[in-house]
> 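Pasting a structure here, questions to come.
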Amino acid sequence: MSVAYQQMSAFNSFGGSFSTESGFRFPSYPNPVDTHNRRSPRWRSPKAAIIPNSHLPMRSFEVRNRTSTEDIKALRMITAIKTPYLPDGRFDLMAYDALVNMQIESGADGVIVGGTTGEGQLMGWDEHIMLIGHTVNCFGGAIKVIGNTGSNSTREAIHATEQGFAVGMHAALHINPYYGKTSLEGLVSHFESVISMGPTIIYNVPSRTGQDIPPRVIYTLAQSANLAGVKECVGHERIDQYTKNGIAVWSGNDDQCHDSRWDHGATGVISVASNLVPGLMRELMFRGKNSSLNEKLMPLIDWLFHEPNPIGLNTALAQLGVVRAVFRLPYVPLPLAKRVEFVNIVKEIGRENFVGVRDVQVLEDDDFVLVGRY
């Protein structure tokens, strides 16, 4: 029998090992029948195989700790800032900078960059992180910059949050995975994958995600010192529950934020309306209960949310001449009748209370630019 034949026979038999005159030794393979019928004593459950949460060295402790979680918890009026566009669909940074400056001058504590209102869902991540970095670079010393780096993909959320803190954002906003929903245990694992990086606000908006984040998930996350709080859109009862358990919470509903603040213990509001009337929204959050002012603002707030946000806000800012009348699809402006209604609302509240200096206008349909490719 040839040596080659002997080698092949030994290999195919899976039994023992075979030596040649050169000293070469084939590996010893276990009997496949044994592995089928007998579990290895070193077997571990799949849970033990989860890769530990280790982040890249780019997460500088100096940058991450520039703002403490307690600093974020103290913010009362945070504006979910609008992202304006040029006619070709790129960011209009001059208009954006003017908008942020208006927020600073009117006393806003912070801005959410690239949130739902800022149309982060219509941005590529390169645009998204650039806008966060730009905001920090220009305004980070005057206002807290909270980057929306959440995603329904944990991998993307981790990567974007690392980059956001690397460019200097003060805190992250994270939503629960939408569309491809997960279990409650999956929610905890998703959030735990990002919360270690720095101050974090969890955003609960079931009307958009299709899934409520229940309190037991938040209480689990509260074991991390980086949980700044919750942007809560479910209502007063949930806000009561959190505040009684020492968790900071911001109302995510402009129509409820006054009562949430003064009757239910909310820290403040993360607001859409403050893009338009930042001074009046600050007054609602800082100067005590003011039911008459709250009632005065209700027609504006109802108008803003007649269609899904940010359609109303985009239309309003264009009518005020603060941004160009450019929409990234799938958003389109409110119809003419609603644009006329907005002019009347501005006159009722007082033009001086709104951002910008131009007279409010009723724009025609042809004045708007709708961009599908950008």
Side-chain angles (χ1 to χ4, degrees), residues 77-83 112-123 146 148-154 156-157 172-184 186-188 190-191 200-218 221 229-243 247-261 264 266-276 281 294 297-316 327-334 338:
M77 195 187 86
I78 303 170
T79 298
I81 197 75
K82 151 74 177 167
T83 306
I112 303 286
V113 179
T116 306
T117 305
E119 301 178 18
Q121 64 275 16
L122 304 186
M123 298 177 189
I146 302 161
N148 170 34
T149 54
S151 172
N152 60 347
S153 161
T154 303
E156 290 191 10
L173 180 73
H174 279 283
I175 200 165
N176 50 311
Y178 43 87
Y179 182 67
K181 297 184 291 185
T182 185
S183 63
L184 297 188
L187 289 182
V188 171
H190 175 81
F191 290 130
T200 300
I201 297 173
I202 303 298
Y203 180 17
N204 186 34
V205 56
S207 63
R208 288 187 181 269
T209 65
Q211 183 180 36
D212 180 36
I213 304 174
R216 73 181 182 94
V217 171
I218 299 300
L221 298 174
V230 183
K231 177 185 177 184
E232 183 58 73
C233 296
V234 167
H236 297 315
E237 183 177 346
R238 184 69 62 80
I239 288 174
D240 270 330
Q241 188 172 352
Y242 287 143
T243 56
I247 293 175
V249 58
W250 294 267
S251 172
N253 300 324
D254 281 311
D255 60 339
Q256 296 181 342
C257 69
H258 172 267
D259 293 348
S260 292
R261 171 83 178 96
H264 301 278
T267 298
V269 64
I270 295 178
S271 175
V272 177
S274 57
N275 279 275
L276 299 173
M281 292 301 295
N294 188 52
L297 289 174
M298 280 303 119
L300 171 64
I301 293 171
D302 290 343
W303 182 91
L304 273 175
F305 295 97
H306 175 75
E307 294 287 356
N309 180 51
I311 292 170
L313 176 64
N314 293 353
T315 306
F327 282 64
R328 280 185 175 184
L329 290 170
Y331 297 122
V332 297
L334 289 175
K338 299 300 290 184

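Every value quoted in this text rests on a predicted model; they were computed, and no experiment measured them.
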> Flag the pair Leu297 / Met281 as yes when at least one side-chain heavy-atom distance between them is below 4.5 Å, and no otherwise.
yes

> Is there a donor in the side chain of Thr154 and an acceptor in the side chain of His190, or the other way round, less than 3.5 Å apart?
yes

> Side chains of Ile213 and Tyr203: does their closest heavy-atom pair fall under 4.5 Å?
no

> Scan for salt bridge (charged side-chain N to carboxylate O under 4.0 Å, His left out) pairs involving residues 301-311, sequence neighbours excluded, and state none if there are none.
none

> Once side-chain contact (heavy atoms from CB on, under 4.5 Å) is applied, do any residues pair with Thr83, and if so which ones, sequence neighbours excluded?
Tyr85, Phe91, Met123, Leu131

> Would you indicate whether the side-chain heavy atoms of Thr116 and Arg208 approach each other to under 4.5 Å?
yes

> Under a 4.5 Å cut-off applied to non-hydrogen side-chain atoms, are Trp250 and Val230 in contact?
no

> Checking Asp259 now: which residues fulfil side chain to side chain donor-acceptor pair (under 3.5 Å) with it, not counting sequence neighbours?
none

> Please enumerate all residues that pass salt bridge (Lys or Arg N to Asp or Glu O under 4.0 Å) together with Lys338, with sequence neighbours excluded.
Glu341

> Side chains of Leu334 and Ile311: does their closest heavy-atom pair fall under 4.5 Å?
yes

> Under a 4.5 Å cut-off applied to non-hydrogen side-chain atoms, are Asn204 and Cys233 in contact?
no

> What is the minimum heavy-atom distance between Asp254 and Ala273, and which atoms define it?
OD2-N, 3.1 Å

> How close do Ile270 and Ala80 get, heavy atom to heavy atom, and via which atoms?
CG2-CB, 4.5 Å

> With Phe191, which residues qualify under ring pair (Phe, Tyr, Trp, His ring centres under 6.0 Å), at least two apart?
none

> Got a second to check how far Gln241's CD is from Ile218's CD1, nearest 0.5 Å?
10.5 Å

> Does any pair with a residue in residues 230-242 pass salt bridge (charged side-chain N to carboxylate O under 4.0 Å, His left out), and if so which ones, sequence neighbours excluded?
Asp212-Arg238, Glu232-Arg238

> Between Val249 and Thr267, is there a side-chain heavy-atom distance shorter than 4.5 Å?
no

> Write down the atom of Val188, the atom of Leu221, and the distance for their closest heavy-atom approach.
O-CD2, 4.2 Å

> Would a 4.5 Å heavy-atom cut-off, applied to side chains only, mark Val272 and Phe305 as touching?
yes

> Are Asn275 and Thr79 linked by a side-chain donor-acceptor pair shorter than 3.5 Å?
no

> Indicate the atoms forming the closest heavy-atom contact of Ser251 with Gln256, along with that distance.
OG-C, 4.2 Å

> So, taking the atom named CG in Leu173 and the one named CD1 in Ile112, what distance separates them when rounded to the nearest 0.5 Å?
5.0 Å

> What's the shortest heavy-atom distance between Leu122 and Pro330, and which atoms?
CD2-CD, 3.9 Å

> Which heavy atom of Ile78 sits nearest a heavy atom of Ser274, and at what distance?
O-OG, 4.4 Å

> Could you tell me the separation between the CG atom of Asn176 and the OG atom of Ser151, rounded to the nearest 0.5 Å?
11.5 Å

> Answer with yes or no whether the side chains of His236 and Ser260 bring together a donor and an acceptor at under 3.5 Å.
yes

